[in-house]
Amino acid sequence: MRPTRFSRHHSLKLDAIAFESRFHQLDLCHRFEGWINLKAEEEQIIMPIRVGVDVGGTHTDAVALGHQGQVLRAVKSQTTRDLITGISNALANLFSDGTINRRDVDAAMFGTTHSTNAIVERKGLSKVGVIRIGKQSSSSIPPMYTLPEDLSASVNGASVMIDGGHEYSGRQIVPMEESALPQAAERFKENGVQSIAISAVFSPVNPSHERRAAEILAGRLPGVPISLSHEIGGLGLIARENAAILNSALFRVANSAIRSFQEAVDAFELTNAKIFLTQNDGTLMNVDYARKYPVRTIACGPTNSIRGAGYLTGMSDGVVVDVGGTTALVGVISNGFPRDSTIPASIGGVRTNFRMPDVLAIGCGGGTVVHRVDGGVTIGPDSVAFELTEKALSWGGSEVTTTDIALASGYAVIDDGKCDPARLSELDSSFVDRARKKIIEIVEDAVDRMKTTSAQVPVILVGGGGIIVPPSHYSSFKGASRVVRPEMFQYANAIGAATAQVGAEVDRTFSYEETPREEVLKLVKQMCVEEAVRAGAIASTVRIVDVDEIPLTYISTSAARIRVKAVGELDLGRPKPTSRGL
């Protein structure tokens, strides 16, 4: 029986009962117990449970965490080609034993690959209309010029360049050509544009032209979603514009995914659960925020694992190796959060400059195929991925995988009646030994490449495929002060999703000519706090966790690029109990 929270009035009622006779006490206790049950039903007093779901290339993992952060149940299901079936299967497995009261689930967090897959496969993307403000200085490279041809064919609705924009100091170059926008709106309508991306020269310094253009277009094309580049990307115009185009192209994909998540939550009668999606910086956002910025879900899988690794070990710094079925992803946890990449990201062949985690992917997952080549051994890059239990040798298939090597070496055990290590007897010991050493070499090299110092650092090994690295090698792992593979390591991704906080980031460039530095920093921090609240955080819990100030020394005026990150607790809007007499 779960504990119930009592108000001051509840305590007074109990005190009154203590003065009654034994007979009356028994009678009142029965009445009081029935009243408490009724109140619990009326007020939906719940002991909060969080559900985290993460979709990987091979498995879809789901976990349920109790109100003190303890893992109540964790399951794995095969990832399916349509993804949603795999999510539904994972939730069905999670609730199958009846130990979790579904009414107690107050938050469901989803880490999804929908956006990444849509861009890579060029499927389900919206037709985008682009407005570039700054024709007089940027017309040599038109919008979408740098996109791959097949992607451009999928998303290019129409592009319009108009005069306007600002200098690096924030001063207006020329007034924005507002008179061209009604005509642009008509062109978008004729071309069947489904979403709009607006970019302007130096809008991260002064976004007023982007905002004004959005206001005009929203009046002409009501209901058409709009992306503003200064809210998504960094300083460079083309990469920032590309990021806004991708965000706009993903609006339909995001709505479809969120609708599917909601249907899954409704199907399993999680009536009190609010839905959140994981971002690529290791934090969460609510569905309204996710609809507006779907591009921020790209690469959220690795950050879920990095955050989960930190949660499971209690470590805030180190290198995290997440060995999945298809690849191993190596990232860095710094001060409890994934380290951001310092170089522009390329997504589906598109160069962008919005935030992305610093992650190295290597072809050495649990389903990666091991090949004999000229008497030697090579690992991957091909993988049997989610078909591991059909194609791997130990399951009766014909492919030798890294998991087979771990089983043949005797340092891995898999609890699956269909998996029989006896099938591996045909592998000669020298081949197994060479393959094992090659796996270790690949993982060690990846860790070394992610380090920023020659000093030894902690290494955290997570992911279902983490069994491919032999525990006997932990103490001699090159470059590692220690290697930790925590309990529940195979569920780190879903645990990371379930334990994440709501986060926001502001990355803008400011001039100190008119506003003192201290006032600028205060303003940016306040902007970041407000952004975190819009993403779904409780205002009183939001705190600034990172401030990065980069002076722009190549210009004549005093200016700096300022990046601020904030996190806060989920605003779940739980109902508050009220008191009422017996």
Side-chain angles (χ1 to χ4, degrees), residues 114-115 117-165 176-201 203 207 209-233 237-259 291-295 298 347-352 354:
H114 278 75
S115 295
N117 292 348
I119 293 171
V120 171
E121 298 172 5
R122 319 311 202 207
K123 292 181 179 179
L125 301 174
S126 300
K127 287 286 185 182
V128 181
V130 181
I131 297 288
R132 182 190 291 175
I133 306 167
K135 179 176 65 176
Q136 70 284 348
S137 59
S138 66
S139 57
S140 58
I141 302 177
M144 297 201 187
Y145 181 79
T146 61
L147 268 61
E149 289 185 9
D150 59 340
L151 180 60
S152 180
S154 298
V155 305
N156 193 350
S159 298
V160 176
M161 291 189 285
I162 65 175
D163 287 333
M176 186 177 69
E177 191 181 355
E178 292 190 14
S179 60
L181 291 173
Q183 186 177 354
E186 288 304 312
R187 183 179 171 190
F188 289 167
K189 190 182 298 183
E190 292 171 1
N191 288 16
V193 162
Q194 298 163 308
S195 58
I196 298 170
I198 301 176
S199 64
V201 174
S203 62
H209 283 183
E210 285 191 1
R211 289 173 176 164
R212 176 57 181 156
E215 180 183 349
I216 294 171
L217 290 173
R220 295 276 177 167
L221 300 170
V224 176
I226 299 173
S227 297
L228 303 183
S229 74
H230 76 274
E231 297 179 344
I232 299 168
L237 174 64
I238 302 301
R240 170 164 45 85
E241 183 177 75
N242 287 345
I245 291 170
L246 288 184
N247 191 70
S248 291
L250 290 168
F251 281 136
R252 281 199 305 154
V253 173
N255 282 326
S256 175
I258 291 169
R259 187 165 52 250
R291 286 191 178 100
K292 188 175 181 181
Y293 304 111
V295 76
I298 293 174
I347 303 165
V350 183
R351 185 178 174 85
T352 67
F354 69 98

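Start at 1 with the first residue, then count along the sequence.
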Below 4.5 Å, heavy atoms only, C-beta onward: do Ser229 and Ile198 meet side chain to side chain?
no
Tightest non-hydrogen contact, residues Val201 and Ser137, listed as CG2-OG, 3.8 Å
Roughly how far, to the nearest 0.5 Å, is CZ of Arg252 from NZ of Lys123?
13.5 Å
Who pairs with Arg211 by salt bridge (Lys or Arg N to Asp or Glu O under 4.0 Å), at least two apart in sequence or on another chain?
none
Are more than 12 heavy atoms from other residues, nucleotides or ligands located less than 6.0 Å from atom CZ of Arg122?
yes
Measuring from Ile298:CD1 to Phe354:CZ, what's the distance to the nearest 0.5 Å?
4.5 Å
Given side chain to side chain donor-acceptor pair (under 3.5 Å), test Thr352 with Arg240 step by step and report yes or no.
CA-CA 6 Å; Thr352 67; Arg240 170 164 45 85; over 6 Å; no
Restricting to side chain to side chain contact (heavy atoms under 4.5 Å, CB included), what partner residues turn up for Ala254, sequence neighbours left out?
Pro294
Distance-only polar pair, side chains of Glu210 and Ser199, donor-acceptor under 3.5 Å:
no
Would you indicate whether the side-chain heavy atoms of Leu237 and Ser138 approach each other to under 4.5 Å?
yes
Quick check for you: to the nearest 0.5 Å, what is the distance between Tyr145 atom OH and Ile238 atom CD1?
11.0 Å
Would you say that Leu181 contacts Met176 through its side chain, given a criterion of any heavy-atom pair below 4.5 Å between the two side chains?
yes
For residues 215-231, pull every pair meeting salt bridge (Lys or Arg N to Asp or Glu O under 4.0 Å), keeping only residues two or more places apart or in separate chains.
Arg212-Glu215
For the residue pair Leu250 and Ala118, what are the closest heavy atoms and their distance?
CD2-CB, 4.1 Å
Min side-chain heavy-atom separation Val160-Val130 under 4.5 Å:
no
So Val224 and Phe251, side chain to side chain contact (heavy atoms under 4.5 Å, CB included) or not? Walk me through it.
CA-CA 10 Å; Val224 176; Phe251 281 136; over 6 Å; no
Applying side chain to side chain contact (heavy atoms under 4.5 Å, CB included), run through Ile162 and Arg132 and close with a yes or a no.
CA-CA 6 Å; Ile162 65 175; Arg132 182 190 291 175; over 6 Å; no
Kindly indicate whether the side chain of Lys127, heavy atoms from C-beta on, has any atom under 4.5 Å from the side chain of Asn156.
no
Val155 vs Leu147, test: side chain to side chain contact (heavy atoms under 4.5 Å, CB included). Steps then yes/no.
CA-CA 10 Å; Val155 305; Leu147 268 61; 4.1 Å; yes
Above 12 or not: heavy atoms from other molecules or residues under 6.0 Å from CD of Glu121?
yes
Which pair of heavy atoms, one from Ile232 and one from Ala243, lies closest together, and at what distance?
CG2-CB, 3.8 Å
Take Ser227 and Ile196 through the side chain to side chain contact (heavy atoms under 4.5 Å, CB included) test and state the conclusion after the steps.
CA-CA 6 Å; Ser227 297; Ile196 298 170; over 6 Å; no
Closest non-hydrogen atom pair, Ala158 against Arg187
CB-NE, 3.7 Å
Looking only at heavy atoms, the pair that brings Met144 and Val128 closest together is CE-O, 3.8 Å
CG on Asp163 to NE2 on His209, rounded to 0.5 Å
10.5 Å
What's the spacing between Ser195 OG and Leu221 CG if we round to 0.5 Å?
11.5 Å
For Gln194 and Ser126 the tightest heavy-atom approach is OE1-CA, 3.3 Å
Under 3.5 Å, is there a donor-acceptor pair linking the side chains of Arg351 and Asn242?
no
